[in-house]
Amino acid sequence: MGIATIGAFAIGEYPEGVAVMLFYSVGEVFQAMAVTKAKTNIKSLLDQRPDEVTVLENGTPKVIKAEKANIGDIIQLKSGEKLGLDGELLSEKASFNTSALTGESKPDTKSKGEMVLAGMINLNTVSQVRVTTAYKDSKLSKILEMVQNATSQKAPTELFIRKFAKVYTPIVVFLAIGITFLPYFFVEDYQFKSWLYRALVFLVISCPCALVISIPLGYFGGIGAGSKNGILFKGSNFLDVLASVQNVVMDKTGTMTEGVFKVQEVNFGNEFNIDEILKLVNALESQSTHPVATAIHQFVGEIDHSIQLENVEEIAGHGLKATITGKELLVGNFKLMDKFNINYDLKTENIVYTLIAVAYDKKFVGYLTIADSIKEDAQLTINKLKALNVKTTMLSGDKTSVVQFVANELGIENAFGDLLPEDKVNKVKELKAKDQTVAFVGDGVNDAPVVALSDVGIAMGGLGSDATIETADVVIQDDKPSKIPMAINIGKQTKKIVWQNIILAFAVKAIVLVLGAGGLATMWEAVFADVGVALLAILNAVRIQRMKF
């Protein structure tokens with residue numbers, strides 16, 4: 001564009017030279033506006049951290065910059081104030097508004113010793129929090145950085161255009177030089193000014209502005225549109241993969257169901273003291289963050305801290321084990337009972353509820369039944385996925401009968417229960433072996449291996465787990481499964497807009513190049529063929545941020 005402007009000025013075509021500069025500048029302004037809008041969507045969704053925090057120094061409150069707070073500092077959080085760093089609650093109890101992070105409008109009550117995250121708003125009395133993570137390492141900072149760096153993960157189309165422009169641009173410049181001077185040897189009435197003008201027209205038409213600007217902008221717009229809707233894409237390549245995804249494989253608990261369990265009934269043998277055993281179970285479950293542990297705690301009540309737990313061990317996909325006064329306590333699924341050779345005379349296949357088996361001192365005590373409710377938008381999610389011709393599969397560590405019940409309720413095509421983390425990995429490998437693209441949706445650390453293996457890993461409520469944030473390619477902020485088809489739709493629309501821009505740019509350039517070679521196109525047509533098309537492509541790319549999904 002620089003060569004064309006200087007050339008136009010050199011041969012006295014001042015209006016054309018000004019037009020090239022003016023339209024190019026206008027195009028740059030539109031591009032900057034579009035990028036700023038996308039970045040604003042991302043930042044407004046995520047950067048919920050206050051700049052300052054109040055720390056206690058020798059009991060005296062002192063306001064300092066949040067990034068200057070150290071691990072171990074005690075933050076005093078007033079009512080209505082937003083927390084600046086991740087930490088451990090020192091006050092007995094506090095209620096927090098977590099909607100900025102999770103989209104959950106219901107206040108979340110935290111007890112002493114529980115983790116609280118940057119961005120949460122204190123709702124009631126003055127609370128104290130001990131900082132456990134540096135400002136730059138908080139979960140919120142990690143996600144913010146992840147999305148702002150999303151543009152470094154390029155889609156194949158974007159990478160191709162970059163490589164294409166690197167080779168194409170110098171070739172075009174040499175061809176323009178050829179158009180200027182070579183006719184001297186072949187044309188009788190050679191006029192330098194006329195052939196230089198044709199070369200400048202050719203140069204402007206051939207400039208790959210429309211492609212180089214609009215394609216990355218289309219993908220960045222897609223990432224911005226996702227952020228506006230609470231979906232964080234780690235890179236534009238994942239928009240492309242989601243656009244053509246064939247299978248969505250999902251976890252059950254916390255993904256398609258609320259993950260809020262309630263104890264329905266307790267079935268213990270007559271020879272056991274139900275209250276005593278429940279106290280032991282409650283004490284052991286207090287070592288776990290699993291939703292089942294929360295349900296048991298809510299059912300039994302306060303934890304008896306006089307119970308001495310030894311050798312506490314969490315066995316992935318099975319449950320918990322501990323020793324109490326020399327006697328072994330096992331709490332988990334029936335696979336845990338089998339693993340430790342506990343005999344039980346019970347047919348569990350036909351019970352729809354989730355079962356938590358208990359064994360104490362090598363004897364089978366009985367079981368608790370726990371139920372979970374299906375998320376209100378889960379049915380809508382499956383219907384939309386079917387409308388997009390995407391196959392659905394549910395994989396869960398929960399009982400097969402429970403998994404089948406939920407799958408039948410929602411109309412999920414394939415469902416498998418009683419799976420360990422490695423079993424989930426094998427199921428996804430089976431699908432990938434058929435050369436099909438797989439998106440896996442999970443909500444916790446257990447799902448991290450499958451998330452890593454799938455073509456696109458989607459994390460539900462990614463703020464809950466560092467491992468999920470690190471491994472997932474897409475993070476859904478508000479735990480709503482209906483955002484899965486929305487993410488696929490954003491991918492499809494982004495790809496559609498990118499290809500519209502590619503076809504538009506190449507078609508217009510081809511037509512004007514033919515006219516230019518024959519001397520029929522002036523610099524004005526050339527300016528439209530490049531900068532005008534670039535403007536149209538930019539406006540088309542911006543469109544995605546205004547779409548309703």
Student check: side-chain heavy atoms of M523 and E13 closer than 4.5 Å:
no

Has S482 got a side-chain atom pairing as donor or acceptor with T381's backbone, closer than 3.5 angstrom?
no

Start with the C-alpha gap between K509 and V533, add the side-chain angles, then the distance that decides, and say whether side-chain contact (heavy atoms from CB on, under 4.5 Å) holds.
CA-CA 9 Å; K509 279 181 189 294; V533 170; 5.9 Å; no

If every non-hydrogen atom of N70 is compared with every non-hydrogen atom of D73, which pair is closest and at what distance?
N-OD2, 2.9 Å

Below 4.5 Å, heavy atoms only, C-beta onward: do L232 and S227 meet side chain to side chain?
yes

Value for CD1 (I503) from CD (Q500), rounded to nearest 0.5 Å, stands at 8.0 Å

With sequence neighbours left out, the residues meeting side-chain contact (heavy atoms from CB on, under 4.5 Å) with A176 are A199, F202, L203

At their closest point, which heavy atom of Q76 faces which heavy atom of E81, and how far apart are they?
O-OE1, 3.9 Å

Is a donor on one side and an acceptor on the other found under 3.5 Å between the side chain of K492 and the backbone of A243?
yes

Of D479, I458, V441, the one forming a side chain to side chain contact (heavy atoms under 4.5 Å, CB included) with T255 is V441

Drop me the distance from L89's CG to I75's CD1, to the nearest 0.5 angstrom.
11.5 Å

Decide yes or no for I502 and I215: does some side-chain heavy atom of the first lie under 4.5 Å from some side-chain heavy atom of the second?
yes

Minimum side-chain heavy-atom gap V508-L504 below 4.5 Å
yes

Have a look at Y219 and tell me which of I497, V498, N237 forms a side chain to side chain contact (heavy atoms under 4.5 Å, CB included) with it.
V498

Do I382 and K386 touch side chain to side chain, with heavy atoms closer than 4.5 Å?
yes

Correct closest heavy-atom pair for A66 and Y135 would be CB-CE1, 3.5 Å

Would Q379 and I374 count as a side-chain contact (heavy atoms from CB on, under 4.5 Å) here? Give the steps.
CA-CA 9 Å; Q379 186 65 66; I374 294 168; over 6 Å; no

State the CE-CZ distance between M394 and F416, to the nearest 0.5 angstrom.
12.0 Å

Would you sort out whether E16 and L200 count as a side-chain contact (heavy atoms from CB on, under 4.5 Å), showing the intermediate values?
CA-CA 10 Å; E16 281 97 329; L200 296 176; over 6 Å; no

To the nearest 0.5 Å, atom CD of E114 lies from atom OG1 of T109 at 9.5 Å

Non-hydrogen atoms of T437 and V245 that approach each other most closely
OG1-CA, 3.3 Å

Would you please name every residue forming a side-chain contact (heavy atoms from CB on, under 4.5 Å) with Y168, sequence neighbours left out?
F164, V172, S206, P208

Option passing side chain to side chain contact (heavy atoms under 4.5 Å, CB included) with V248 (candidates V456, L242, I484)
I484

Looking only at atom types and distance, does a side-chain atom of D240 sit under 3.5 Å from a main-chain N or O of S236, one as donor and one as acceptor?
no

Hey, does I231 have a side-chain heavy atom less than 4.5 Å from the side chain of F549?
no

Does K432 come within less than 4.0 Å of D455, counting only side-chain N to carboxylate O?
yes

With distance as the sole test, does D86 use its side chain to make a donor-acceptor pair with the main-chain N or O of T133 at under 3.5 Å?
no

Supply the atom-to-atom distance R198 CZ to I179 CD1, rounded to the nearest 0.5 angstrom.
9.5 Å

Do T393 and E413 have side chains that get closer than 4.5 Å, going by heavy atoms?
no

Close side-chain approach of E525 and L520, heavy atoms under 4.5 Å
no

Distance in Å, L85 CG paired with E67 CD, rounded so as to fall on 0.5 Å steps:
9.0 Å

side-chain contact (heavy atoms from CB on, under 4.5 Å) for M120 and K110? Distances and angles first, verdict last.
CA-CA 11 Å; M120 289 184 174; K110 300 284 184 185; 4.3 Å; yes

Which atoms form the tightest heavy-atom contact between N122 and S127, and what is the distance?
ND2-OG, 3.5 Å

Taking all non-hydrogen atoms of both residues into account, name the closest pair between V204 and A526 and its distance.
CG1-O, 3.4 Å

